[in-house]
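Letters go in sequence order (proteins before strands), and every chain restarts at 1.
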Amino acid sequence: MELVPQGRCRWLLPRQGQMRVPGVVFATRSLLPAAVGDRSLDQVVNVACLPGIVDASYAMPDVHWGYGFPIGGVAATDIEDEGVVSPGGVGFDISCGVRLLVSQIHRNDLCGELGELMNALGRMIPRGTGPGGVLPRCSADELDDILVAGAAHLVARGMGTPDDLKRCESGGTMPGAGPEKVSTRARERGARQVGSLGSGNHFAEVQAVDQVLDPATAEAFGLRTGSVCVLVHCGSRGLGHQVCTDYVRLMDTAMHRYGIHVPDRQLACVPVPSAEGESYLAAMAAAANYGMANRQALTHAIREAFAAAGLGELVLLYDVSHNLAKIETHPVDSHLRTLCVHRKGATRAFPPHHPELPADLAPYGQPVLVPGSMGTASYVLVGVEASPAFHSACHGAGRVLSRHAAARHIPIEKLRSEMAAAGILVRGASTRGLVEEAPESYKDVDEVVRACHEAGLAKPVARLVPLGVVKG
DNA sequence: ATGTGC
C-alpha cells in the first residue's frame, strides 16, 4: 500500500479505484507498521468509497482493525449530497466512552487507604458480561426516561448533580433519541445493566496525575501533580450492541434499494435523510443516552465508595464518547456543510470557544480523555483550533495483539508480578481478561499521544498513572 | 465490544 509522507505525523493514501476521497493516517513512523500489518488501512481505503464522504477517510494514531470501519477511524458525509450513515462507522459499543472524576486529595494522603478503597470499589462496581447493575432492574418507563434523557435522568433521581451534566458531552442528553426505534430485544438486554462496566478493556481506575504538561489548562481542569482521579471507561452494554446488530441487518438489505454499493458488506449504510437512516440515528442517540446514564450510575457508586472511605468529593471533569455519529457543521473546501461525522474509536476534540462547551471550560477547549491500557498511563488532552479530521483525536493506546494472540503469548505469572511490582492493585479481573488486556497487547500510549500532538489533533494537558484498577 | 455463534 502506497503511503505518501505529508508533513509531521501525516501520511496520505492516494485515491485509487472506487475511492471518492483519499485516506489520511496520523502516525509517527514507528506506529505505522502496526497499522499496515493488521489490514486496518485497507479499511481506511474502503471507507473512502462511501457515498457522500468528504475531505478524507481518516485514521487516528491508535488505528486498528475493526468491523467494517477501522477502530480509530473518522469519516464525515455530507447529508445534503448523498451522505450516508453506517452503523459500522459507530461500532457495536455505541457511545462507549470515558469520564474523569477529580478528587481534592493528593496521592500521598491515600497510601494507607488505597487497599480499602479498592476493596470498596470492587464490591460496589458491577462488572463482567451478563446482567447486573447499580440500578438492579429498570421498569419500561424508567428505561424510556434513560433512553430519552441519558445522564440527566439519573441526576433527576438523585444520582449526581446538575454540575455533572454541564460536564457531559451534549449536557448528558443526546438530542433526537427515539426509544421506539430500539428493539424489544435491545431493551430487554439493557433493562438489567444500567450502571455496569461490562468486560474487555472497560474499567474504573484510581489514578494520580503524574505530569502536568499544560499548567494553565491543567489548573482550569482541577488537575495538579499528585491529584487523585478516577477514570471510568464503559459503554452501552448489551443494549447498544443489539441496536448495532439490528441496524446492520436492516441496512444490509435496505441499501440496495438506494442503489448503494460498498466494497465490504460490513460497511452497510443508507442515506442520512432516509427512513432507515433516521431510525438508526434515533436508536443510536437512545443508546448514547444509555451509555452516559451508565457512566453516571457508576459515578454514583464510586462517589459512595469514596465517601465511605472518608476521601471526600469527586468532581466530574468531562464525559465524552469515542463511538458515535453526530450531525455537525464543518467547513469543507471553505464552505460550511452539515455533516454526519462518524467517530469510531476516536474522540471528539472541540477547540476553545466552541458553543457546545460549558462556559468555564470554553476558554481552554474540550477535555479529550485518553485511557491507556491496563497498568500504563492515561492522558487528558484538550481540543485545539485548526485541528484536521473534523476536530477528532485518538481514543486510547490501540490494540496490537488480538485477544487470542495475547492469551497465547503472555504468561500470566509475569503480568501479575509486573502489576504487583508497580504497586498497582487489581480487583475483579479474570486471569484470561487480565492477559487479554496486558500492556503488551497495546501500542505505547505515550507514542500515540505524541502523534496526536504533532499532527495537530489535540494538545496534551496531563499524564495520569494507575494506582488501582477494577477490571470489567 | 457482546447473554464471546445463527
Query - Whole-Å distance separating the CD atom of A:E188 from the C1' atom of B:dT2 - result: 16 Å
Query raised in the report: How are the rings of A:H330 and A:F350 set relative to one another: parallel (under 30°), tilted (30 to 60°) or perpendicular (over 60°)?
Result: tilted
Report summary line: Atom CD1 of A:I71 and atom P of B:dT2 are separated, to the nearest Å, by 13 Å
Query - Length of the CD-C1' vector between A:E437 and B:dT4, whole Å - result: 14 Å
Query raised in the report: Quick one: A:L197 CG to B:dT2 P, roughly how many Å, whole number?
Result: 10 Å
Report task. With heavy atoms under 4.0 Å as the rule, sort A:R432 into base, sugar-phosphate or nothing. Result -> nothing
Query raised in the report: Looking at A:H233 versus A:H322, is the centre-to-centre ring distance below 6.0 Å?
Result: yes
Query raised in the report: Separation of A:H241 atom NE2 from B:dG5 atom P, in whole Å?
Result: 10 Å
Requested in this report: Could you check how far CG of A:L239 sits from C1' of B:dT2, rounded to whole Å?
Outcome: 12 Å
Requested in this report: Side-chain contact test, heavy atoms from C-beta onward, threshold under 4.5 Å: evaluate it for A:S392 versus A:Y58 and give yes or no.
Outcome: no
Requested in this report: Considering just the side-chain nitrogens and oxygens of A:S199, establish if one lies under 4.0 Å of OP1 or OP2 belonging to B:dT2.
Outcome: yes
Query raised in the report: Should we count NZ of A:K326 as having more than 12 external heavy atoms under 6.0 Å?
Result: yes
Query raised in the report: Roughly how many Å is it from CZ in A:R403 to P in B:dT2, rounded to a whole number?
Result: 9 Å
Requested in this report: Just call it for A:E436: base, sugar-phosphate, or nothing, with non-hydrogen atoms closer than 4.0 Å on any strand.
Outcome: nothing
Report task. Using a heavy-atom cut-off of under 4.0 Å over every strand shown, decide if A:G200 touches base, sugar-phosphate, or nothing. Result -> sugar-phosphate
Requested in this report: Please state how far atom CZ in A:R237 lies from atom P in B:dT2, giving the value in whole angstrom units.
Outcome: 5 Å
